[in-house]
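One structure is given below, encoded as structure tokens.
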Amino acid sequence: MTIRTRFAPSPTGFLHIGGARTALFSWAYARKHAGQFILRIEDTDVARSTPEAVQAILDGMKWLGLDWDEGPFYQMQRMDRYKEVIQKLLNDGTAYYCYSSKEELEALRESQMQQGLKPRYDGRWRPEAGKSLPPVPEGIPPVIRFKNPQTGIVSWQDMVKGEINISNEELDDLIIARADGTPTYNFCVVVDDWEMGITQVIRGDDHVNNTPRQINMLHALGADIPQYAHLSMILGNDGQKLSKRHGAVSVMQYDEDGYLPEAVLNYLARLGWSHGDDEIFSMDQFCAWFDLDHITPSAAQFNTEKLNWLNSHYIKQADLAYLAGDITKRLASKSVFVDMDYSAPDLQKVIDLYRDRANTLNELADSIAYFYKMPEIDEAAATKHITADILPVIKTMTEQLAGLDWSVEAIHALINQLVTENGLKFPKIAMPLRVMLTGNAQSPSIDAVMYLLGRDEAISRIEKFTDSH
RNA sequence: GUCCCCAUCGUCUAGAGGCCUAGGACACCUCCCUUUCACGGAGGCGACCGGGGUUCGAAUCCCCGUGGGGACGCCA
């Protein structure tokens with residue numbers, strides 16, 4: 001049997017980190033088993049679903065590179081089919097009309113809660129042999145409920161949590177069609193998972209309690225029961241639950257914040273899943289290794305520091321041309337443009353010199369911006385490193401720069417020569433240069449920086465500094 | 001309240017009864033490298049929630065606590 005998995009988000013917001021991991025695991029499982037990965041949009045909540053959210057989810061999937069083999073299917077476009085199946089259930093006697101009003105049900109719930117009972121529908125409209133139903137009220141459009149078994153235990157071998165048993169006595173007759181006739185989530189999922197031939201349902205563990213209901217409906221339809229894998233949730237950096245008003249962000253925010261999709265993917269893969277001690281791996285490797293046996297059943301706390309570490313790793317590995325394209329855009333968004341009025345240093349060379357000091361692409365962009373615009377001088381650093389006694393040495397150097405064979409080695413040799421002639425230590429000259437050239441006291445080797453900046457620009461920045469100080 | 005789930009360093013995790021004096025990674029600390037800051041290298045700190053069983057032997061199995069989370073919608 002071919003493996004078929006699915007990712008089934010509801011388009012009520014962006015693709016967040018938890019959804020992304022669920023999608024990643026479903027995707028990887030299908031890839032590992034040469035199966036199909038299906039994307040299904042669960043948009044039956046018309047009031048909350050938006051086309052923007054659909055697009056946001058698609059964008060997120062695309063950025064991560066999670067490609068699907070079928071879909072996206074939209075549940076709203078499958079209404080006719082759901083209604084057919086509901087009719088079948090009605091005909092079979094495994095579903096029935098219920099005329100209880102919302103207010104009535106609310107009151108029922110309330111009183112059950114007060115008695116310390118689990119709130120559930122009491123089956124007042126459930127047809128039973130020899131039972132007389134209440135008279136059908138006027139003007140109340142009925143909902144349709146599934147006739148859930150009242151005894152027995154629903155049991156399944158969850159692929160991450162192990163055996164789970166839930167008594168049918170805990171369940172009630174859930175609504176499968178609203179008063180307006182539209183089917184509800186639990187029902188649509190059942191029909192879709194069945195008809196789309198889903199073999200492994202991999203989803204968040206907030207669905208554990210829906211599973212027995214869905215299994216019962218699957219049985220009523222004569223469908224095969226898929227395997228279930230319930231993933232625990234991802235907590236925020238602070239260990240708190242992620243929610244719209246607390247910490248939940250779109251995966252696209254990571255793009256904006258300067259993270260490479262490879263890093264996010266690798267991080268997410270490792271969050272709740274493991275392959276021995278392996279920490280860094282490609283998606284090809286991940287797909288080859290992935291299994292449901294090594295998923296942790298407990299919740300995992302997000303850790304930005306570790307994501308940063310992975311991101312810095314992938315920045316070091318990334319293709320330079322790709323990085324240059326990306327960094328150009330990031331600089332442009334800060335009004336820093338690589339084409340300048342002086343002969344600007346080659347972006348790829350600059351990036352190559354700076355890439356292993358950055359955690360994010362934004363940091364990388366910020367760190368090299370001064371190659372393409374005049375830096376602001378950190379006056380504290382200037383005061384600390386540029387002392388009156390060193391100025392003549394710098395001046396001498398500036399003069400010699402003019403005729404220098406322009407190479408890192410030659411610049412280095414020149415500084416060394418001045419160090420020796422003046423009985424100084426290397427930093428005594430390097431630090432002032434750093435401040436004059438870059439504006440602050442941290443940079444890669446000053447000879448390499450100066451080399452990339454170019455002779456004219458280096459001289460001009462030194463002169464500009466000395467003129468203004 | 002009822003049901004379900006979870007529980008190893010600060011964090012992510014390895015661990016399927018002896019390989020555990022509990023391993024790796026991030027973070028942190030120290031040292032080395034060094035031209036500042038990083039990178040890199042070498043070390044270090046640091047955990048089996050508690051209590052009972054089972055067993056020759058338990059982080060691993062069972063039970064009870066405790067703590068955390070989730071679900072109880074005409075949301076998904």
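Lettering follows sequence order; numbering is per chain, from 1.
- Base-pair partner of B/A25: B/U11 (Watson-Crick or G-U wobble, both distances under 3.5 Å).
- The pairing partner recorded for B/G17 is none, the criterion being a Watson-Crick or G-U wobble arrangement whose two distances lie under 3.5 angstrom.
- The pair A/Arg213-A/Asp172 counts as a salt bridge, with a side-chain nitrogen and a carboxylate oxygen less than 4.0 angstrom apart.
- If you take CD1 of A/Ile176 and C1' of B/A76, they are 17 Å apart, rounded to a whole angstrom.
- For A/Thr12 and B/A76, the shortest distance from a side-chain N or O to OP1 or OP2 is not below 4.0 Å.
- Under the Watson-Crick and G-U wobble criteria, each requiring two contacts below 3.5 Å, nucleotide B/G46 is left unpaired.
- Remark: A/Asp378 does not engage A/Lys384 in a salt bridge, criterion side-chain N to carboxylate O under 4.0 Å.
- Residue contacts shown for A/Ser367 are absent, as no nucleic acid heavy atom lies under 4.0 Å away.
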Margin query: Generate the contact string for nucleotides 17-32 of chain B. Rules: B means base contact, S means sugar-phosphate contact only, - means no protein heavy atom under 4.0 Å.
Written below: ------BBBSS-----
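- Among the protein residues, A/Pro9 comes within range of no part of the nucleic acid, since none of its heavy atoms lies under 4.0 Å from any strand.
- Among the atoms of the strands shown, none is found under 4.0 Å from any heavy atom of A/Lys428.
- Along RNA chain B, the nucleotide nearest to A/Thr184 and the one nearest to A/Arg21 differ in position, and the one closer to the 5' end is contacted by A/Arg21.
- Nucleic acid contact class of A/Val208 (heavy atoms, under 4.0 Å, all strands): sugar-phosphate only.
- Partner of A/Trp273 under the ring-ring contact (aromatic ring centres under 6.0 Å, His included) criterion, out of A/Tyr267, A/Phe25, A/Phe290: A/Phe290 alone.
- Here B/C61 sits opposite B/G53 as a Watson-Crick or G-U wobble pair (both hydrogen-bonding atom distances under 3.5 Å).
- Taking atom C1' on both B/G53 and B/A58, the two are 12 Å apart, rounded to the nearest angstrom.
- With hydrogens and angles left out, the side-chain atoms of A/Asp389 and A/Thr387 include a donor and acceptor closer than 3.5 Å.
- Between A/Phe302 and A/Tyr254, the ring planes lie tilted relative to each other; the angle falls in the 30° to 60° range.
- Remark: the separation of the P atoms in B/G23 and B/G44 is 11 Å, to the nearest Å.
- Each of A/Gly116 and A/Phe302 has a nearest nucleotide on RNA chain B; the 5'-most of these lies closest to A/Gly116.
- The distance from the CG atom of A/Asn422 to the NZ atom of A/Lys428 is 11.0 Å, given to the nearest 0.5 Å.
- Here B/C12 presents its P atom at 16 Å from CG of A/Asn308, a figure rounded to the nearest Å.
- As judged by a 4.0 angstrom heavy-atom cut-off over every strand, A/Thr296 is placed among residues touching the sugar-phosphate backbone only.
- Side chains of A/Ser155 and A/Asn165: a donor on one and an acceptor on the other come within 3.5 Å.
- The interatomic distance linking A/His275 (NE2) with B/A16 (P) rounds to 15 Å, in whole Å.
- One can place CG of A/Asp173 at 13 Å from P of B/C74, the figure rounded to the nearest angstrom.
- Within 4.0 Å (heavy atoms only), A/Asp158 reaches no atom of the nucleic acid at all.
- The nearest whole Å value for the distance from the CD1 atom in A/Ile446 to the P atom in B/A38 is 17 Å.
- Across B/G10 and B/G51, the matching C1' atoms stand 26 Å from one another, rounded to whole Å.
- The pairing partner recorded for B/G40 is B/C32, the criterion being a Watson-Crick or G-U wobble arrangement whose two distances lie under 3.5 angstrom.
- Across B/U55 and B/C9, the matching C1' atoms stand 29 Å from one another, rounded to whole Å.
- A donor and an acceptor atom, one from each side chain of A/Thr184 and A/Asn186, are nowhere located under 3.5 Å apart.
- Between the base of B/U35 and the side chain of A/His412 there is a donor-acceptor pair shorter than 3.5 Å.
- The environment of NZ in A/Lys83 is crowded: more than 12 heavy-atom neighbours from other residues, nucleotides or ligands sit within 6.0 Å.
- Between A/Ser274 and B/A14, a side-chain N or O to OP1/OP2 separation shorter than 4.0 Å is present.
- If you take CG of A/Leu437 and P of B/U36, they are 17 Å apart, rounded to a whole angstrom.
- For A/Arg78 and A/Phe73, the positive end is not near the middle of the six-membered ring at less than 6.0 Å and at most 45° from its axis.
- Pair assignment for B/C3: B/G70, on the basis of Watson-Crick or G-U wobble contacts that are both within less than 3.5 Å.
- Nucleotides B/C48 and B/A42 place their C1' atoms 29 Å apart, quoted to the nearest Å.
- Ring-centre distance between A/Trp125 and A/Tyr96: not below the 6.0 Å cut-off.
- Between A/Lys102 atom NZ and B/G73 atom P the separation is 13 Å, expressed in whole Å.
- Using a 4.0 Å heavy-atom distance criterion, A/Ala441 is classed as a base contact.
- No engagement by A/Gly239 is indicated, since no non-hydrogen atom pair under 4.0 Å with the nucleic acid exists.
- Using atom P as the reference point in both B/G15 and B/A71, the two lie 29 Å apart (nearest Å).
- Taking atom CH2 on A/Trp156 and atom P on B/C4, their separation rounds to 11 Å, with Å as the unit.
- Across B/G24 and B/G65, the matching P atoms stand 37 Å from one another, rounded to whole Å.
- Of all heavy-atom pairs spanning A/Ala324 and A/Leu347, the tightest one is O-CD2, 3.4 Å.
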Item checked: Contact state string [nucleotides 64-72 of chain B, B base, S sugar-phosphate only, - no protein heavy atom under 4.0 Å] -> -----SBSB
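- Taking 4.0 angstrom as the limit, A/Thr44 places a side-chain polar atom (N or O) nearer than this to OP1 or OP2 of B/A76.
- In this view, A/Phe426 and A/His412 satisfy the ring pair (Phe, Tyr, Trp, His ring centres under 6.0 Å) rule, not counting sequence neighbours.
- Across B/G46 and B/U8, the matching C1' atoms stand 12 Å from one another, rounded to whole Å.
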